[in-house]
Amino acid sequence: MARISASHTAGLDLLDQLFFNQILVHCLFNQERRWLKSLAEDLDRELTDKGMAGVQRQVVKHGVLCLMEAELSDSLFLLKETYPDNVPPLPEDITMERLEESERYKLNFFEGYVLAVLSKAHACDKDVIIDITNNLLEKYAQAPSTVRYRLMERMFAFEFVAAPIDCFAWLSRMGVLKSVKHPGAALTSCHAPEFLPRLALLCEFNVLRDHIRRQVKLGTQAADVSVENIRKIVEISDKTIRLLSENKRKETDVNNMASTKNSFAIIDLAEIENPAKVHLFFARLHAYTVRFRVFQGSLASWVGMLCGGTVEVLQQSQDKKIPIFTGEFNEGTSTQEVYEQMSKRGFEITPRAIYDRHRDFKETALRAVTIYYKMKLFENAALPPDVKDLTYEAVSWQCECLTPTPRRNVSSPS
């Protein structure tokens with residue numbers, strides 16, 4: 001069996017992140033989507049008024065969303081209202097005022113770091129990012145916590161509905177993902193021109209979050225969870241334990257190795273169609289972190305699962321529901337629409353297979369993301385952007401337990 005490359009693993013991690021957000025935003029969000037739609041319109045108007053165009057427009061838009069995510073975040077101490085028995089009280093020598101000052105410092109540090117990286121790496125105008133951010137903050141301060149939390153990721157999913165499929169096609173064409181079933185040479189790009197720059201910026205921001213957290217020493221406060229402590233709460237598999245151990249080892253390496261200490265991965269946005277540069281970028285991404293995936297299937301099973309998720313996205317977006325699958329005469333169904341969109345991109349998968357994967361999707365990935373969403377509604381807090389999403393990790397640790405019901409071998413849906 002061929003060894004899986006670092007870039008391949010990072011590519012699947014990115015696919016899972018995009019898939020997770022696609023499910024959350026387009027299958028579970030309701031009122032939240034109205035907020036995201038309003039923000040997308042306001043942001044585009046501001047960018048146009050500032051004369052922003054091309055790649056720079058996408059860099060500035062990304063920067064605004066990153067700063068808004070920080071500015072609209074809540075105090076970590078807000079979790080005490082949700083978990084009064086689990087969040088310890090403040091030490092006697094720490095007042096709420098000092099806590100607020102400390103959190104404000106960390107947010108300022110985060111925002112300054114993001115602006116510096118975008119300015120130096122992508123030559124963007126910091127002042128434009130700050131001006132647009134300030135113009136939008138007041139209106140969106142009242143948005144639900146589920147919108148404000150991880151705002152940059154949620155907005156990306158809202159803007160690019162087909163992001164997981166288009167990312168798979170791009171990574172296959174670049175040779176990062178080498179699928180025998182869906183070879184990159186046979187795939188066609190159907191994404192908008194702004195998709196790849198924003199996708200690359202999202203990847204950069206993923207590692208930048210962790211890098212900034214290490215810089216402000218938040219790791220020991222909010223990120224380290226031992227296997228022993230997890231086992232006191234839930235049963236976890238050997239595979240999950242190995243991933244936890246690998247993440248811990250990587251965190252040690254990142255903090256101490258000369259090649260990773262005080263660094264993070266970036267890519268020249270002019271090189272995002274250069275296979276060698278993209279390979280190197282994804283290998284670098286893998287050097288910093290490992291993702292606990294919601295969908296833990298093989299590369300060969302990913303396209304089917306993505307198609308199953310896309311069927312559900314279509315179902316949720318329709319005011320008048322249309323059939324999912326009708327067998328031999330399948331025109332006008334959701335599976336037929338997904339089949340046609342996949343064929344346009346060069347993927348070979350039948351409507352029947354898409355139907356089967358949709359049923360599997362509802363019993364696995366959709367269930368996991370639904371649990372996450374309900375937990376986030378219960379928490380009702382948009383935590384700072386440099387704090388790990390421990391809610392996600394708690395859900396993903398147990399995703400192996402979610403398996404689809406065995407199907408009878410039938411020729412048409414029941």
Side-chain angles (χ1 to χ4, degrees), residues 14-44 61-62 64-66 68-74 82 136-137 139-167 195 198-199 202 205-206 293-295 305-322 324 334 338 358 361-383 385 389-396 399 402:
L14 175 60
L15 267 185
D16 188 77
Q17 180 185 6
L18 297 179
F19 189 41
F20 172 86
N21 279 286
Q22 181 194 49
I23 300 166
L24 181 65
V25 171
H26 295 286
C27 298
L28 296 172
F29 276 8
N30 187 2
Q31 63 162 325
E32 294 97 337
R33 279 206 302 273
R34 291 193 289 271
W35 281 95
L36 292 173
K37 182 175 184 291
S38 175
L39 177 55
E41 292 169 352
D42 289 344
L43 188 45
D44 279 335
K61 178 184 278 193
H62 171 80
V64 170
L65 292 169
C66 293
M68 288 186 70
E69 182 177 316
E71 283 294 323
L72 297 176
S73 64
D74 298 318
T82 307
L136 297 176
L137 282 177
K139 179 176 179 179
Y140 294 95
Q142 303 306 313
S145 61
T146 43
V147 171
R148 292 180 286 114
Y149 185 66
R150 293 294 195 259
L151 175 63
M152 188 276 298
E153 291 180 39
R154 311 309 189 227
M155 180 59 79
F156 185 90
F158 178 79
E159 291 185 70
F160 304 105
V161 182
I165 291 292
D166 287 335
C167 178
F195 173 69
R198 290 281 297 285
L199 182 62
L202 181 149
F205 192 57
N206 285 340
R293 300 177 199 151
V294 165
F295 179 61
M305 184 56 67
L306 293 178
C307 288
T310 304
V311 169
E312 187 65 20
V313 168
L314 288 176
Q315 288 288 300
Q316 294 297 328
S317 67
Q318 295 158 352
D319 294 327
K320 183 180 179 181
K321 300 297 182 187
I322 64 173
I324 294 176
S334 296
V338 173
H358 174 246
F361 162 81
K362 291 180 72 174
E363 293 185 354
T364 55
L366 182 59
R367 283 179 61 192
V369 183
T370 301
I371 293 168
Y372 171 89
Y373 179 54
K374 289 179 177 179
M375 291 175 70
K376 279 300 177 188
L377 288 174
F378 177 71
E379 289 174 9
N380 193 28
L383 300 184
D389 188 352
L390 295 182
T391 307
Y392 171 82
E393 293 196 355
V395 172
S396 63
C399 282
L402 301 175

Heavy-atom distance under 4.5 Å between the side chains of [X] and [Y], does that happen here?
X: M155; Y: M68; result: no
X: L14; Y: L202; result: yes
X: L43; Y: L65; result: yes
X: R293; Y: L15; result: no
X: P385; Y: C66; result: no
X: D389; Y: Y149; result: yes

Quick one: [atom1] on [X] to [atom2] on [Y], what's the gap to the nearest 0.5 Å?
X: T391; Y: L383; atom1: OG1; atom2: CG; value: 7.5 Å
X: K37; Y: D42; atom1: NZ; atom2: CG; value: 10.5 Å
X: Q22; Y: C167; atom1: CD; atom2: SG; value: 11.5 Å
X: Q31; Y: L36; atom1: CD; atom2: CG; value: 10.5 Å
X: K376; Y: L28; atom1: NZ; atom2: CG; value: 14.5 Å
X: L390; Y: M375; atom1: CG; atom2: CE; value: 10.0 Å

Please check this pair: side chain of [X] against backbone of [Y], looking for a donor-acceptor N/O pair closer than 3.5 Å.
X: S38; Y: R34; result: no
X: Y140; Y: L72; result: no
X: Q315; Y: K321; result: no

Notebook entry, point to check: Would Y372 and F20 count as a close aromatic pair, with their ring centres under 6.0 Å?
Noted result: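 Ring-ring flag for Y372/F20: true, centres closer than 6.0 Å.
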Margin query: List the residues meeting salt bridge (charged side-chain N to carboxylate O under 4.0 Å, His left out) with E312, not counting sequence neighbours, and say none if there are none.
Written below: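 With sequence neighbours excluded, E312 shows a salt bridge (charged side-chain N to carboxylate O under 4.0 Å, His left out) to no residue whatsoever.
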Might you point out which heavy atoms bring [X] and [Y] nearest each other, and give the distance in Å?
X: R154; Y: N21; result: NH1-OD1, 2.7 Å
X: G308; Y: F361; result: O-CD2, 3.9 Å
X: T146; Y: F29; result: O-CZ, 3.4 Å
X: I23; Y: A365; result: CD1-CB, 4.0 Å
X: E69; Y: L151; result: OE1-N, 3.1 Å
X: A368; Y: V294; result: CB-CG1, 4.0 Å

Item checked: Electrostatic pair E363:R367 at N-O distance under 4.0 angstrom ->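 No, no charged N to carboxylate O under 4.0 Å.
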Mind checking whether [X] and [Y] have parallel, tilted or perpendicular rings, split at 30° and 60°?
X: F195; Y: F156; answer: tilted
X: F205; Y: H62; answer: perpendicular
X: F19; Y: F295; answer: perpendicular

Next item on the list: Evaluate side-chain contact (heavy atoms from CB on, under 4.5 Å) for H358 paired with S334, printing each intermediate quantity in order.
Entry: CA-CA 10 Å; H358 174 246; S334 296; over 6 Å; no
Item checked: Atom CD of Q142 with >12 non-hydrogen neighbours under 6.0 angstrom ->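 Counting neighbours around CD of Q142, 12 or fewer heavy atoms of other residues, nucleotides or ligands fall under 6.0 Å, so no.
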Next item on the list: Take L199 and L18 through the side-chain contact (heavy atoms from CB on, under 4.5 Å) test and state the conclusion after the steps.
Entry: CA-CA 10 Å; L199 182 62; L18 297 179; 3.9 Å; yes
Next item on the list: Quick one: which residue pairs count as a salt bridge (Lys or Arg N to Asp or Glu O under 4.0 Å) with a foot in residues 15-33, not counting sequence neighbours?
Entry: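 Residue pairs with at least one partner in residues 15-33: D16-R291.
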